[in-house]
Amino acid sequence: MHALAYKGSLDLAADVLIIGGGPAGTWAALTASAKGAKVILVDKGYCGSSGATAPSGTGVWYVKPDQEFRDEAKASRFRLGGELAEHSWMDRVLQQTYENMNRLSILGYPFPVNEQGQPHRRGLQGPEYMKLMRKLIKKAGVKILDHSPALELLADEYGVAGATGVRTQTGELWSVQAGAVVIATGGCAFLSNALGCNVLTGDGYLFAAEAGASLSGMEFSNAYAISPTFSSVTKTAYYSYANFYFEDGTLIEGAGSKQGRTVIARHLQEGRQVYARLDKASEDLRPLLRVAQTNFFLPFDRMGIDPFTDAFPITLRLEGTVRGTGGIHITNTSCGTEVPGLYAAGDAATRELICGGFTGGGSHNAAWAMSSGSFAGEGLHNSP
Ligand SMILES: Cc1cc2nc3c(=O)[nH]c(=O)nc-3n(C[C@H](O)[C@H](O)[C@H](O)COP(=O)(O)OP(=O)(O)OC[C@H]3O[C@@H](n4cnc5c(N)ncnc54)[C@H](O)[C@@H]3O)c2cc1C
């Protein structure tokens with residue numbers, strides 16, 4: 001951490017500084033400002049289109065408050081995660097996610113409606129979601145500094161006291177003095193070429209470690225996702241409908257998106273090209289898959305490939321802590337860390353609490369981002 005005496009050209013002060021404007025940062029901003037805090041949010045890119053959620057569609061761990069459904073929802077990932085998750089955290093996140101998703105509906109998110117008129121709230125389209133979140137925090141009076149990566153935290157005798165960075169479009173330095181800082185810089189998928197991950201270089205982990213916070217669960221951060229070789233879209237869920245083949249059309253035994261990714265990795269490592277075809281998706285399902293994740297199909301359409309009938313070459317892209325679980329260690333229910341004044345939310349924070357040693361991809365990470373952001377924003381005034 002840098003001594004507080006450091007001054008940039010743009011010197012600001014706030015009650016709360018939020019570093020990172022993805023779902024975690026914007027929910028933290030919304031809740032903290034609703035509590036009356038003066039909030040500044042800085043983003044390395046543009047809050048609303050930067051980070052892993054903004055260009056994607058995300059499934060969300062949205063489960064109605066029925067005990068049977070909730071117990072069932074917790075049980076599967078609890079087992080997969082080596083029973084390392086904590087029931088109290090899973091309960092909190094399920095409830096907060098349920099509330100936030102319902103709130104999004106009231107605030108104008110266009111959830112699709114089925115034939116019975118019931119809204120489908122188990123997923124969010126990133127562009128619409130993050131556009132709405134930006135609008136909401138601006139309306140709430142949050143000051144946003146886009147294209148303004150944080151480079152270093154500031155310290156005073158009590159702990160963390162703000163941060164400094166640079167405005168990349170002007171070269172001007174900025175500093176924000178703040179009583180509380182929320183690190184919401186996302187995960188780290190450095191040089192992965194995965195969609196939305198160009199800005200996710202693990203800066204927040206470095207800031208936290210420099211300030212004296214510890215990391216947790218980093219042994220669970222080696223997530224790799226399946227992607228066509230010609231695309232950055234890593235929607236591994238769709239490969240549950242795939243068979244995998246060699247160039248001559250031979251089926252690769254044991255290859256799969258869930259259990260058989262190691263088989264794929266081994267063949268790729270040996271220098272053999274692996275191909276996928278989503279031929280397990282039924283004719284009825286195919287149009288629905290298209291609507292659910294439109295950006296998945298864009299690269300195929302551009303190349304004139306029908307992924308349901310044509311085999312296409314695939315690779316594995318590192319998604320690190322964007323889908324793996326490790327991150328900044330959380331020490332209290334407000335997502336505080338060991339360092340006074342320092343909080344962490346979203347992929348920047350460890351998700352072991354709800355995923356154990358298993359990936360948070362598919363639903364849990366999105367739920368964690370909005371819930372942990374809310375917990376941090378809510379708790380800033382209650383924590384020491
Ligand atoms: C293709 C894809 C599909 C996914 N699908 C799902 C899914 O279906 N379900 C699910 O649960 N999860 C899914 N995920 C994971 C999910 O997107 C993330 O868990 C979620 O985006 C985390 O939110 P966040 O706010 O923590 O981080 P992000 O959304 O990544 O936002 C981080 C923000 O921090 C900013 N930032 C970074 N460094 C700095 C810095 N130094 N200074 C200032 N700002 C900084 C970035 O610019 C960015 O705006 C998917 C991820 C990918 C890549």
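Just so you know, ligand 1 is whichever comes first in the structure, and atom 1 is the first atom listed for that ligand.
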Could you tell me whether ligand 1 has any atom less than 4.0 Å away from a heavy atom of S363? yes

Mind checking whether F78 and H87 have parallel, tilted or perpendicular rings, split at 30° and 60°? tilted

Is it true that the side chains of D11 and S175 contain a donor and an acceptor less than 3.5 Å apart? yes

Parallel, tilted or perpendicular: which fits the ring planes of F375 and W89, with parallel below 30° and perpendicular above 60°? perpendicular

Polar proximity ligand 1 side, A24 side, N/O cut 3.5 Å exclusive: yes

Aromatic ring pairing F296/F300, orientation class (parallel under 30°, perpendicular over 60°, tilted between): tilted

Ligand-residue contact atoms, ligand 1 with A366, heavy atoms, under 4.0 Å: 10 (C), 11 (O), 12 (N)

Within ligand 1, which atoms have a heavy atom of T234 less than 4.0 Å away? 1 (C)

Would G25 count as a polar contact of ligand 1, with the cut-off being nitrogen or oxygen pairs under 3.5 Å? no

With a 4.0 Å heavy-atom cut-off (strictly under), which part of A184 contacts ligand 1: side chain, backbone, both or neither? backbone

Quick test of your reading of the model: are D203 and K44 salt-bridged, counting only N-O distances below 4.0 Å? yes

Answer side chain, backbone, both or neither: which part of D203 comes under 4.0 Å from ligand 1, heavy atoms only. side chain

Is there any N or O on C197 that sits under 3.5 Å from an N or O of ligand 1? no

Any idea which part of K235 is under 4.0 Å from ligand 1, heavy-atom wise: side chain, backbone, both or neither? side chain

Please say whether the positively charged group of R122, taken as NZ for Lys or CZ for Arg, lies over the ring of Y62, i.e. under 6.0 angstrom from the six-membered ring centre and within 45 degrees of the axis. no

Ligand 1 to A150, heavy atom cutoff 4.0 Å, flagged ligand atoms 40 (C), 41 (N), 42 (N), 43 (C)

So which of G20, G59, S192, G196 gets nearest to atom 8 (O) of ligand 1, if we judge by its closest heavy atom? G59

Pair S334-E378, side-chain donor/acceptor within less than 3.5 Å: no

Can you tell if the side chain of V166 reaches within under 4.5 Å of the side chain of P149, non-hydrogen atoms only? yes

Short list, please: which atoms of ligand 1 are under 4.0 Å from a heavy atom of D347? 18 (C), 19 (O), 20 (C), 22 (C), 26 (O)

For E68, is the CD atom crowded, meaning more than 12 foreign heavy atoms sit under 6.0 Å from it? no

Taking a cutoff of less than 4.0 Å between a non-hydrogen atom of the residue and any ligand atom, is G360 in contact with ligand 1? yes

Considering distance alone, does some N or O of S148 sit under 3.5 Å from an N or O of ligand 1? no

